[in-house]
There are 2 protein chains.
Amino acid sequence: MPDITGGWADTVKQAMPNVTRNTRQRAEVLALLREVEDFHSAQQLHQMLLARKAGVGLTTVYRTLQLLVDAGEIDSTRLPGGEQLFRRCSQSKHHHHLVCRDCGRTVEVAGPAVERWAGQVAAQHGFVDVGHTLEIFGTCPECVR
Amino acid sequence: MPDITGGWADTVKQAMPNVTRNTRQRAEVLALLREVEDFHSAQQLHQMLLARKAGVGLTTVYRTLQLLVDAGEIDSTRLPGGEQLFRRCSQSKHHHHLVCRDCGRTVEVAGPAVERWAGQVAAQHGFVDVGHTLEIFGTCPECVR
DNA sequence: ATCGTTGCAAAAGATTTGCAACTTC
DNA sequence: GAAGTTGCAAATCTTTTGCAACGAT
């Protein structure tokens, strides 16, 4: 049977190893993240949960998202304005984003070479537990006109 | 005569074309930025100005930094926590940072290959006026112990 | 004298935290 | 019933804005 979710964790405990209780709220957040494609802010996700009467508080949304980031189940970026955005990691391969300054349109790009380079550089300086963030900004074809 | 400042704009009007008045406060901010090496937050810079009794308000620090970013005279990044950091563009060559999660220690690293790659990727998607940000995070040798 | 600039205080936003009530195991 | 979770309200923190006073040209 094909895995429609792209292999994404289905259950709360699967997604959040650092957690002991299995709650309705966490399941709701997971379910929502499974449905949406792009990056959304915690506030946006909370609004969506309100809209579907999921009964999940904003605080819990923040806390759950943080757990998921820690567990590596979701990616997070930051908007130029400082707002944090979250999104399900759809591909096993790590990737980056090409973001339009004007309309916010996002294109995913893979950069295996960059990954390796970052790891090497960090290792050279004795850093461990390494991660990185890379965003490319520009004006997309739509917004140039 | 050698240019000690690394060719960095010396005067207010030089640094901020989009400005008409030449004020003491702006000169103070410029002077400070000329002296500090690494990234600092607006708040940190303001503290330094207080320490040297420069008489520049926090609001003005923010406004001046924004003018300088717009003018392309300083770089800005964002910490994982969302705080914005500013730094004089000291080198013509673009480079990135390896930052310790715990102590904040920063190592500059050059990545010419990454630059080229980012430009290519963006061009492939028809994006123009391209820039990028790349930060590598990890735990530095000091903080591992 | 004009009009850009400053800086205080207040507003605006996003995110975090204290804590009592409530679930899950 | 013990311990993890929730969610409200309040706190925190960074950054922005209104506006009257100020200062550069």
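What you see below is based on every heavy atom in this structure, not just the backbone, and it leaves out hydrogens, waters and symmetry mates. Reminder, nothing fancy here: chain letters follow the sequence lines and each chain counts from 1. This structure is a prediction, so every number in the text was calculated from the model and none was measured.
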Met48(B) vs Glu35(B), side-chain contact (heavy atoms from CB on, under 4.5 Å): CA-CA, chis, key distance, verdict: CA-CA 11 Å; Met48(B) 296 182 210; Glu35(B) 292 170 32; over 6 Å; no
Output for pair (Glu73(B) CD, Leu33(B) CG), nearest 0.5 Å, gives 10.0 Å
Once you round it to whole Å, what is the distance between [atom2] of [N] and [atom1] of [X]?
X: Glu28(B); N: dT5(C); atom1: CD; atom2: P; value: 17 Å
X: Leu45(B); N: dT15(D); atom1: CG; atom2: P; value: 11 Å
X: Leu30(B); N: dT5(C); atom1: CG; atom2: C1'; value: 15 Å
X: His46(B); N: dT6(C); atom1: NE2; atom2: C1'; value: 12 Å
X: Gln44(B); N: dT15(D); atom1: CD; atom2: C1'; value: 15 Å

Nearest heavy-atom contact between Gln43(B) and Leu58(B) is OE1-CD2, 4.0 Å
Task: Main-chain N/O of Glu28(B) paired to Arg52(B) side chain as donor or acceptor, under 3.5 Å - done: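 Here the side-chain-to-backbone pair does not exist.
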Heavy-atom nearest nucleotide on DNA chain D taken for Thr20(B) and for Glu83(B); more 5' hit belongs to Glu83(B)
Walking DNA chain D from its 5' end, the first of Arg24(A) and Thr23(B) to be reached, judged by nearest nucleotide, is Arg24(A)
task: Check each residue of residues 51-70 of chain B for a non-hydrogen atom within less than 4.0 Å of any atom in DNA chain C, then write out the ones that pass by number, or none.
output: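 Correct list: Gly55(B), Val56(B), Gly57(B), Thr59(B), Thr60(B), Arg63(B).
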dT6(D) phosphate, OP1 or OP2: any side-chain N/O from Arg26(A) under 4.0 angstrom?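 So the side-chain polar atoms of Arg26(A) do come within 4.0 Å of the phosphate oxygens OP1 or OP2 of dT6(D), strictly under.
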message: Side-chain N or O of Gln43(A) versus OP1/OP2 of dG13(C): is the shortest distance under 4.0 Å?
response: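 No, outside the criterion.
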Taking dT15(C), dT5(C), dT14(D) as options, the one with an atom nearest any side-chain atom of Arg21(B) is dT5(C)
The nucleotide from dT6(C), dT5(D), dG7(D) with an atom nearest the side chain of Gln25(A) is dG7(D)
*Reckon Gln84(A) touches a base, only the sugar-phosphate, or nothing at all at heavy-atom distances under 4.0 Å?*
sugar-phosphate
Check the orientation of His96(B) and His132(B). Use parallel for under 30°, tilted for 30 to 60°, and perpendicular for over 60°.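 Because their plane-to-plane angle lies in the 30° to 60° range, the rings of His96(B) and His132(B) count as tilted.
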**Prompt:** Which is it for Phe39(A) and Asp75(A) under the side-chain contact (heavy atoms from CB on, under 4.5 Å) test, yes or no, and what are the steps along the way?
**Reply:** CA-CA 9 Å; Phe39(A) 277 107; Asp75(A) 286 329; 4.2 Å; yes
Open item on the list: Evaluate Met16(A) against Thr64(A) for side-chain contact (heavy atoms from CB on, under 4.5 Å), listing each step before the verdict.
Closed with: CA-CA 9 Å; Met16(A) 291 172 275; Thr64(A) 304; 4.1 Å; yes
